Amino acid sequence: MAAVQKGKKGGKKKTKQDAEFDDLDAILKEIESKEQKSKKAPAGQKGGQAAPKEAEKKTEGNQAFDDIAKLKSIDEQFPDGKYPLGQICEYPIDKDDRTAVNRMTSEEKKAIEVDFEQTYSDFRRAAESHRQTRKYVKSWIKPGMTMIEICERLEAHSRKMIREQELDAGLAFPTGCSLNSCAAHYTPNNGDTTVLKYDDVCKIDYGVHVNGRIIDCAFTHTFNPKYDPLLEAVKEATNAGIKEAGIDVRLCDIGETVEEVMTSHEIELDGKTYVVKPIRNLNGHSISQYRIHAGKSVPIVKGGEQTKMEENEFYAIETFGSTGKGFVHEDMECSHYMKDFDLHNERIPLRLNKSKQLLNVINKNFGTLAFCRRWLDRLGETKYLMALKDLCDKGIVTPYPPLVDVKGCYTAQWEHTLLLRPTCKEVVSRGEDY
């Protein structure tokens, strides 16, 4: 899940997210109207006869969910609790030799790791869940599917793999499936009829957690090979950032490396050549328990902060490339929300009973992890938009609208989760695919 660079959200310009809440009564009436229509006329039916294609699609979808239900979760696949390790890398040696060369063999460093074994194990279980789900998704995703269909099928598999158990294990944030110029934070709300097309560039960004240890990992999926140079540029830049990362490494040095690699690539689309630009106001980020953005930002352009990475910190190294301006702004209908981590244990007075009730639902099911409207709908919540706005207005919940570059451009993303262990760097989400 992308971190937006602070102070670069485009000022006080009114977004569609603001407009969306301007007339909540109208929104609620529209929802009620849709619900009534859906009860009167089930989808795919006209004059009492089911449309063949819709019926076939529904049957295929039901079969997929039935097949998922029969699968074994990751902890059932590895009953001994020994989950696959990620990619193990030695730390880079600084130019002035400050970084210890012998971390891999240091008995002192090995002893420190013993105390963190359960933490590493939680990460690895979540990472294996992510690997198996993305392999599953790539086996069936195709043009013509609705984005809701894609997300719900992915999330069903992910829930099964991680063996969802309230806040002990589950989905860490909504499935991002941002298309084309939209770089991040788009997942469809119920009623969204967007369909995946052959010429779309789709960023699949989803996360899972075990005991709050979050795997944040993403890839870009296309069907048209003309976008391959864009995907290759961003993937290579992400891997360069991963290679550069390590204990005592300055965050700004990672950004400089990423920008240098990414901008060395070009892509030709419709007879015009574009240099692949890093999206300068999107960043990687540190991760802590139940906190997806833990305070440190990993830039993808030069000139960032000189703060250093530290031992036993965990990071999402993600890069975004664009054929547009390389700068995103908030746009479109909001779907992603998350409680303010710093206010989690504070009691803020709420006047609306509906707001209190919704906050209880959020606390019980998501805690400080991100969620989306579809997930509230799944829990049986209805007519909650005014309460959600109230929680956002009071700063208890923060909305994260889709982030979009200029219309007509294309964006790509690749991301992995890193464990900066005392003895080595573990790219815990690495798989055979990327």
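By convention here, the first residue in the shown sequence is residue 1. Side chains are part of it too, since the values below use all heavy atoms of this structure and drop only hydrogens, waters and symmetry mates. Just so it is clear, the structure is predicted and the values come from calculations on it, not from any experiment.
For Glu117, the CD atom is densely surrounded, since the number of other residues' heavy atoms within 6.0 Å is greater than 12. With a 6.0 Å radius and a threshold of 12 heavy atoms from other residues, nucleotides or ligands, Lys110 has its NZ atom above the threshold. The environment of Lys243 atom NZ is sparse: at most 12 non-hydrogen atoms of other residues, nucleotides or ligands sit within 6.0 angstrom.
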(request) Mind running side chain to side chain donor-acceptor pair (under 3.5 Å) on His285 and Glu318 for me, showing each step along the way? (result) CA-CA 8 Å; His285 47 90; Glu318 60 181 322; 3.2 Å; yes
(request) Any chance you could lay out the salt bridge (Lys or Arg N to Asp or Glu O under 4.0 Å) test for Asp168 and Arg163, step after step, and finish with the verdict? (result) CA-CA 10 Å; Asp168 292 336; Arg163 196 156 67 87; over 6 Å; no
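Taking the centre and axis of the six-membered ring of Trp414, the NZ or CZ atom of Arg134 falls outside the cone set by 45° and 6.0 Å. Judged by the 6.0 Å distance and 45° axis criteria, Arg421 is positioned over the aromatic ring of Tyr120. Cation-pi check for Lys203 over Phe320 is not met; the charged atom does not lie both under 6.0 angstrom from the ring centroid and within 45 degrees of its normal. Cation-pi geometry between Arg124 and Phe78 is not met at under 6.0 angstrom from the ring centre and within 45 degrees of the axis.
In this structure, the side chains of Asp199 and Tyr227 come closer than 4.5 Å at one or more pairs of heavy atoms.
Between Asp66 and Lys70 there is no salt bridge, since none of the side-chain N atoms of the basic residue sits less than 4.0 Å from a carboxylate O of the acidic one.
In summary, of the residues considered (His416, Glu415, His130), a side chain to side chain donor-acceptor pair (under 3.5 Å) with Ser429 occurs for His416 alone.
Asp192 contributes a side-chain N or O that, together with a main-chain N or O of Thr194, makes up a donor-acceptor pair within less than 3.5 Å. Formation of a donor-acceptor pair under 3.5 Å by the His293 side chain with backbone atoms of Met1 is found in this model. For the pair Asp200 (side chain) and Cys202 (backbone), a donor-acceptor distance under 3.5 Å is absent.
Residues passing the salt bridge (Lys or Arg N to Asp or Glu O under 4.0 Å) test with Arg374 are Glu155, sequence neighbours excluded.
The two atoms that bring Leu167 and Lys364 nearest to each other are CG-O, 3.7 Å, heavy atoms only.
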